[in-house]
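Following: one structure in structure tokens, then a few remarks.
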Amino acid sequence: MPNEAFSRVLQACKTTTNPGAYIAKWRAGRQDPRAIGFFPTYVPTELIIAAGALPVGVWGGSIAVSHANAYIQQFTCSIVRSVTEYALKGTFDGLEGVLFPPICDSVKLISSSWKLNFSERFLVEMVNLPERLDSEASVNYLASELRRVAEVLSQRLGRPLSDDSLRSAIALCNRVRAVQERFYRWRQTAAGAQATLADVCTVIKAGTVMDAEEYVPLLEEFLASTAGDAQSGLRASGVPIVVTGLACQLPHANFLALFESSGLRVVNDDLFFGMRACGQIAVDGDPYLNIARGFADSPAMATRYHSRKLRHELVLDEMQAGGAKGVVFLIPKFCEPEWFDLRYLRHEMEQRKIPNIAIDFEEDPGMIGPAQTRLEAFAETLA
Amino acid sequence: MTAKVLKTTAITQKVMRDYYAACRASKASGRKVAWATAGMPTELLVAADIDVSFPENHSATCGTKQMGAQLCEMAEAAGLSQETCSYVRVDLGVRNGGPSPWGGLPDPDIIFCCTVSCTTVVKWFQDVQRHYGCELVVVDMPYNFDEKITDHSVGYIVQQLEETIKRIEKVTGRPFDRARLEATVELSKQACDYWEKCLELGATKPSPISTTDMLVNMGPIVCLRGTQAAVDVYKALYEELSERVAEGYVAAGEERFRLVWDNIPFWFALGSTVRRLSELGAVLVGATYLYHWVRHLEPKNPLVSLAREFSTSTTMNRSVAHKIDKVGKMLKTYQADGLIIHSNRSCKVDSLGSLDLQREIKARLGIPVLMVDGDHTDPRAFSEAVVQTRIEAFIEGLEKLRAAGGVQRANV
Amino acid sequence: MDVKYFAGIDIGSMTTKCALVDASGTLVSSALVPSGARIRVAREAALDGAVAKAGIVREQITYLVATGYGRKRAEADGQVTEITCHARGAIYLFPRTRTIIDIGGQDTKAIRVGANGDVSNFVMNDKCAAGTGRFLEVMARALEVDLEDLGPLSMQSTSPQRISSFCTVFGESEVVSHLANGSEVKDIALGLNEAIAGRVVGMLRRVGIESEVTMSGGVSRNIGMRSCIEKLLDCPLNVSENSQIVGALGAALIGREQWLAREHKKLESSDAQ
């Protein structure tokens, strides 16, 4: 039955909530196990897998930031501060390295600061994605950059990183992306409504920590059990809406729970985009060029520029796919890319008379009351 | 010695006035109007006879003229969060009918955004594009995470400059003149070289020029590179500074404490801050902000040279380690007694890493460092009373240090 | 005792309000009590007050909707956010209103409403107390005047003492230091109202201003504040003697509608049998 099967999936995914514990278990019994962290979610983990290491998403959390205040000012999003706090505590010392994408100015600068301060503990390296994705020059640049990073990883781990191992890694990550895509489609069925936004976040976030060889079968097995769900005849409750936002920083579970408790049902989202959005990447031929092209062919993103791909069109597509009645913009505090896009997106929504609301958040839930009132008021306007 | 007025300022001001007038007259005379970010290699545009306006420069001027608060409020009322760069909010305020010392910028036909300064500018210019329905060209200059720029980064930028040339040709309807580009880059090189020489002279102890005067004369190196006018201005400045150094002229009268400033100044309170410092016997002898325009161009290899130099010459596109190194060298060159870091709330790219900078400068050079909170153009994120109190406390500290025998410099 | 009444309870951080409407949806009575520390106590006191004023008995309350910050913890037949309730209440009092500004004890809301009382957009400023009833309470104390007198005092001033701090704590220090420097209380009071009015109008502009504009909430009793806001908006503000109970009134009206809908459904299903 879907209910039990889904609970089992959630249970399994929650074993990665403490990545340290998961990595320790993963290491047991393996020959020379290595783990490499990456700042979510724009790093092609194919490179890490091809180097024979476990990619581990370096998420923040609601840790009280105090030591990190000596390294980074407070007018930044909470994740760059919380991961720095964790780093100062030694949480990542067991990793071979941490890779950063240049998502935004905050992440660029914090990665540079980490390089200055933590290089003696672990490798700090940037996977220097281009900011433009609409030029062939961007694709070629990125392919060269990925080769450079592969070389760095290979040196660091003392292992070769062959084109063939990278092709295998692409195939594996393709399966991850495929299974997540199917999961999103299941979520849109009435039976899938049992998956709350918090549940979806748990499942997708687990994909950034769990070994793909474990994660893919886990989800494939579950999805096989949902075969009859599209015709289940169940009626889902709650007003269907779409959530859009970057999610390199995740709200606390208590905050995420507010959606359902306010009477909203999240039928689609573009949280955790980054590599999830790349779809199926070509396996044959030059693997570096393929990954580069796959990334460049992604849908519109808040943090990248593409002259022909517009984010509001993506949001409208997401609404249509899920049958949504409104949009919630989920904005990390101090996130400049999101605040800039918000003005433009709200204008586009208003033009089309699409109800929408913006909620900002930090990793620490703080006072839930105000966010709850806003979401409930929004649900009341849609009722 | 009586205080002298810097003669070059009058020349600069005339050059800038003529430039603004020419920009405003562009539309009427049928010339194409462009906007560009300060980090864009506008030599390409000058070589194609396209007039360029610089919204960052415009926003800074609005800030200096105390229009920032009103313009930011207007932008926030239009839905742009206070957590975004204040240059952008000021520009949005002006575009939404707010005040401007020049009546705003001329409507652009095509705008050029270079990512070298920050990721924010792309968002800004996309908004400008939507506002005017004009064309947008983005030139991406990847961040220099390592000390050396990668070959593929240079290649990527050069390819984009070639793409940019094609777009310029479409806009002007004329083939792009490569020889003219070389000549333009040659003029740009001359202006940059003179600018750099002026900075070197400005570092003399005692300083022949105030940092304020340097900032006042910065216009042409930002807005008019590639023109003869910019070369003439900085040649004149260089000659005037050479004279001043030769006669031992001290711009500040008394230089009890020589201080260097890091980050964009708070434009709306620069004057009052400098005055307060002067009352305390302290003088700003240099600013890191002036160094974003020091470039070593090679006119014979224009696109590669523009790619390399524009990508690497500004600390905004370099690592924290690089900036610490550069500031350290600057403090020694200027024989500085202290460093003031502006922790600029809405400019993350220039402000994050400042805590590392403060710590490392103190540890490596033993030089006292003060950090003050503020914003480049939003006075509502600034408290004059708090900043002045901090400055006073800092100077008191410098006095005590001097009385006790000076700075214990670490091995450098 | 067949006559039915519907109650709305607005549990705010400083005060709890109750409004009663009758079966025709007409406001009958209202009451306001301090919220204190216990929601249950405040709810009872407010309800009793409104019932007594209406000259009815508790048993006649057929349906009760709770709103406001404490709505989740109050015993009620329904819970609706204060945004939706303020919109309904404001439309009842001023049918032509389309924009509402509510300045309460600890938050400020700007709401756009349609002709039928439906909310089309809203903006809340609940991150800190600056500009709310709580802020003014603190300032009144610092100025050593009654909160009630802040408004009239400010109207006597022609040269406002500019207040730049947005934070309640720093604002208080600023007020104290102005007093120490010899600034007049009335000038500071005007400066405070102008500072708050500026932020409030900023919020209104974000939500879009459409005539008529109504002000609700406790701070609407401050005539100085109203005057400052009207000046900035360059249009008059609707203010009712019922300004403080707008939320409770809206809750009562919504309660009546929810009860009618429920009864209608019962009828339908019994017809179907």
Note to self: Tell me which of these, A/A358, A/S138, A/S135, has more heavy-atom pairs under 4.5 Å with chain B than the rest.
What the structure shows: A/S138
Check: Would you call A/E336-B/K123 a salt bridge at under 4.0 Å N-O?
Finding: no
Margin query: Which atoms of B/R130 are under 4.5 Å from chain A, going by heavy atoms: the side chain, the backbone, both sets, or neither?
Written below: side chain
Next item on the list: Not counting sequence neighbours, list each pair that qualifies as a salt bridge (Lys or Arg N to Asp or Glu O under 4.0 Å) and has a residue in residues 105-116 of chain A.
Entry: A/D105-A/K108, A/K115-B/D146
Note to self: Using heavy-atom distances under 4.5 Å, tell me whether B/Q126 contacts chain A through its side chain, its backbone, both, or neither.
What the structure shows: side chain
Notebook entry, point to check: Testing B/V369, B/D262, B/L339 for side-chain contact (heavy atoms from CB on, under 4.5 Å) with B/L331, which one passes?
Noted result: B/L339
Margin query: I'd like to know whether NE2 of B/H131 has more than 12 heavy-atom contacts from other residues, nucleotides or ligands below 6.0 angstrom.
Written below: yes
Next item on the list: Could you tell me which portion of B/I157 (side chain, backbone, both or neither) has an atom closer than 4.5 angstrom to a non-hydrogen atom of chain A?
Entry: neither
Next item on the list: For B/W261 and B/T288, test the side chains for any donor-to-acceptor distance below 3.5 angstrom and give the result as yes or no.
Entry: no
Item checked: Largest heavy-atom contact set with chain A, pairs under 4.5 Å, which of B/G155, B/S319, B/A321, B/S343 -> B/S343
Next item on the list: Identify which part of A/R147 has an atom lying under 4.5 Å from any heavy atom of chain B, answering side chain, backbone, both or neither.
Entry: neither
Next item on the list: Not counting sequence neighbours, which residues clear salt bridge (charged side-chain N to carboxylate O under 4.0 Å, His left out) with A/E151? List them please.
Entry: none
Check: Side chain, backbone, both or neither: which part of A/V139 has a non-hydrogen atom closer than 4.5 Å to chain B?
Finding: neither
Next item on the list: Please check if any side-chain donor atom of A/T244 sits under 3.5 Å from a side-chain acceptor atom of A/R311, or the reverse.
Entry: yes
Check: Does a side chain donor of either A/E362 or A/S78 reach within less than 3.5 Å of an acceptor in the other side chain?
Finding: no
Next item on the list: Could you list which of residues 287-307 of chain A have a heavy atom closer than 4.5 Å to any heavy atom of chain B, in residue-number order?
Entry: A/A302, A/Y305
Margin query: Which residues in residues 339-355 of chain A have any heavy atom closer than 4.5 Å to a heavy atom of chain B?
Written below: A/W339, A/F340, A/D341, A/R343, A/Y344
Note to self: Can you tell me which portion of B/N344 sits under 4.5 Å from chain A's heavy atoms? Options are side chain, backbone, both or neither.
What the structure shows: backbone
Margin query: Report which part of B/V88 has an atom under 4.5 Å of a heavy atom belonging to chain A: side chain, backbone, both, or neither.
Written below: side chain
Note to self: Would you say CZ of B/R318 has more than 12 non-hydrogen atoms from neighbouring residues, nucleotides or ligands within 6.0 angstrom?
What the structure shows: yes
Margin query: I'd like to know if the side chain of A/D360 reaches the main chain of A/K333, judged simply by a donor and an acceptor atom lying under 3.5 Å from each other, with no hydrogens or angles considered.
Written below: no
Checklist line | Residues B/D91 and B/S59: side-chain donor-acceptor under 3.5 angstrom | finding: no
Next item on the list: Please flag which part of B/V349 lies under 4.5 Å from any non-hydrogen atom of chain A: side chain, backbone, both or neither.
Entry: both
Checklist line | Region of B/D373 in contact with chain A, defined by heavy-atom distances below 4.5 Å | finding: neither
Check: Does a side-chain N-to-carboxylate-O contact under 4.0 Å join B/E83 and B/K348?
Finding: no
Next item on the list: Sort B/T120 into side chain, backbone, both or neither according to what part of it lies under 4.5 angstrom from a heavy atom of chain A.
Entry: both
Check: Should the pair A/R132-B/E163 be classified as a salt bridge under the 4.0 Å nitrogen-to-oxygen rule?
Finding: yes
Check: Just wondering, more than 12 heavy atoms not from B/K326 lying within 6.0 Å of its NZ?
Finding: yes
Margin query: In this structure, is the centre-to-centre distance between the rings of A/F118 and A/F92 below 6.0 Å?
Written below: no
Margin query: Is B/L92 close to chain A through its backbone or its side chain, or both, or neither, when contacts mean heavy atoms under 4.5 Å?
Written below: side chain
